[in-house]
Amino acid sequence: SQKIEQNSEALNIQEGKTATLTCNYTNYSPAYLQWYRQDPGRGPVFLLLIRENEKEKRKERLKVTFDTTLKQSLFHITASQPADSATYLCALGGMDSNYQLIWGAGTKLIIKP
Amino acid sequence: EPEVTQTPSHQVTQMGQEVILRCVPISNHLYFYWYRQILGQKVEFLVSFYNNEISEKSEIFDDQFSVERPDGSNFTLKIRSTKLEDSAMYFCASRLQQLGNQPQHFGDGTRLSIL
């Protein structure tokens with residue numbers, strides 16, 4: 001069955017450093033991958049999307065890479081700030097799931113001042 | 001910016017009672033979703049809805065669950081006879097298109113507590 005793995009442990013990063021979150025998947029060939037941010041008690045908020053034929057996507061301090069050979073996406077936040085502290089979710093979509101998003105469990109990111 | 005709104009924000013219900021969770025999706029969106037998130041766990045897909053019918057549903061979405069779009073604006077999730085294990089955050093989402101690269105837009109959820 002399709003499986004998505006994200007860093008299960010919380011990630012603690014010093015303010016100003018780059019935070020890197022990992023999303024690995026198996027038994028799936030996604031057409032695209034999306035990253036969302038979720039704050040406690042709130043719904044997920046869309047951040048970035050990357051297609052299967054794209055290697056990298058950037059938006060302000062965010063960068064996403066997508067390696068379909070490794071079956072992995074990396075999500076980077078440069079110059080991290082305490083306000084970046086949240087849970088980050090990756091979600092895959094494609095024909096394999098009839099374009100329903102398959103969600104990872106999320107990684108909790110804590111940026112320390 | 002248009003938002004998905006959900007009501008109530010918190011619902012407390014006795015086990016065995018029926019509960020209806022309400023959502024107002026973004027007005028020009030065509031695809032609607034319900035998700036569940038048990039405290040500390042991953043977001044779980046329940047059901048998707050398009051053109052006034054269910055297009056996909058998960059194993060969680062059994063006969064106790066139903067969805068409806070009664071008036072062209074509201075999108076509801078009904079649980080007929082609630083169980084303790086139904087306690088969770090329920091998120092509604094909407095999307096302009098299913099294919100392609102459109103993101104899903106989420107509401108802030110209803111926290112359902114079954115006593």
Side-chain angles (χ1 to χ4, degrees), chain A residues 1-10 21 23-25 28 30-54 57 59 62 64 66 73 75 86-108, chain B residues 1-7 9-10 21 23-26 29-50 54-61 88-113:
Chain A
S1 63
Q2 300 147 354
K3 192 173 179 183
I4 301 175
E5 288 185 351
Q6 296 187 248
N7 313 62
S8 56
E9 302 289 328
L21 285 67
C23 177
N24 295 300
Y25 59 93
Y28 198 87
Y32 50 84
L33 187 148
Q34 301 182 0
W35 282 90
Y36 288 76
R37 169 183 172 142
Q38 186 176 25
D39 292 284
R42 308 295 298 274
V45 175
F46 172 77
L47 295 174
L48 275 172
L49 179 148
I50 187 165
R51 298 179 185 83
E52 59 179 334
N53 61 348
E54 296 175 320
K57 207 72 168 291
K59 179 182 175 182
L62 308 181
V64 172
F66 195 9
S73 175
F75 177 81
T87 296
Y88 290 85
L89 309 170
C90 71
L92 308 179
M95 279 182 59
D96 292 2
S97 61
N98 200 25
Y99 294 97
Q100 299 300 336
L101 288 179
I102 309 295
W103 293 82
T107 298
K108 185 173 183 178
Chain B
E1 185 174 320
E3 290 182 341
V4 175
T5 57
Q6 290 186 244
T7 55
S9 56
H10 191 189
L21 310 182
C23 170
V24 179
I26 295 173
H29 284 189
L30 301 176
Y31 294 85
F32 313 110
Y33 307 84
W34 283 102
Y35 290 88
R36 180 181 82 176
Q37 188 174 32
I38 296 170
L39 185 64
Q41 298 188 24
K42 65 191 291 185
V43 173
E44 298 176 289
F45 168 74
L46 292 178
V47 66
S48 61
F49 192 86
Y50 169 70
I54 291 173
S55 49
E56 297 281 342
K57 60 181 181 179
S58 71
E59 293 175 353
I60 303 168
F61 194 87
M89 283 289 286
Y90 288 81
F91 292 107
C92 171
S94 69
R95 193 177 191 186
L96 184 58
Q97 297 172 0
Q98 180 81 328
L99 299 178
N101 307 313
Q102 297 296 319
Q104 293 187 12
H105 296 262
F106 285 78
D108 277 338
T110 293
R111 181 180 302 280
L112 179 62
S113 300

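Chain letters run A, B, ... following the sequence lines, proteins first and then strands; every chain starts at 1.
Considering only heavy-atom pairs separated by less than 4.5 Å from chain B, the leading option among A:Q6, A:K108, A:Q38 is A:Q38. With respect to chain B, the highest number of heavy-atom pairs below 4.5 Å among A:D39, A:L101, A:I102 belongs to A:L101.
Listed by first then second residue, pairs satisfying salt bridge (Lys or Arg N to Asp or Glu O under 4.0 Å) with a partner in residues 102-112 of chain B read A:R42-B:D108, not counting sequence neighbours.
Side-chain contact, A:Q34 with B:Q104: no donor N or O sits under 3.5 Å from an acceptor N or O.
By the neighbour-count criterion of 12 heavy atoms within 6.0 Å, atom CD of A:E54 is densely surrounded, having more than that number from other residues, nucleotides or ligands.
A:E52 pairs by the side-chain hydrogen bond (donor to acceptor under 3.5 Å, both in side chains) definition with nothing, not counting sequence neighbours.
Residue B:Q6: no heavy atom, backbone or side chain, is found under 4.5 Å from chain A.
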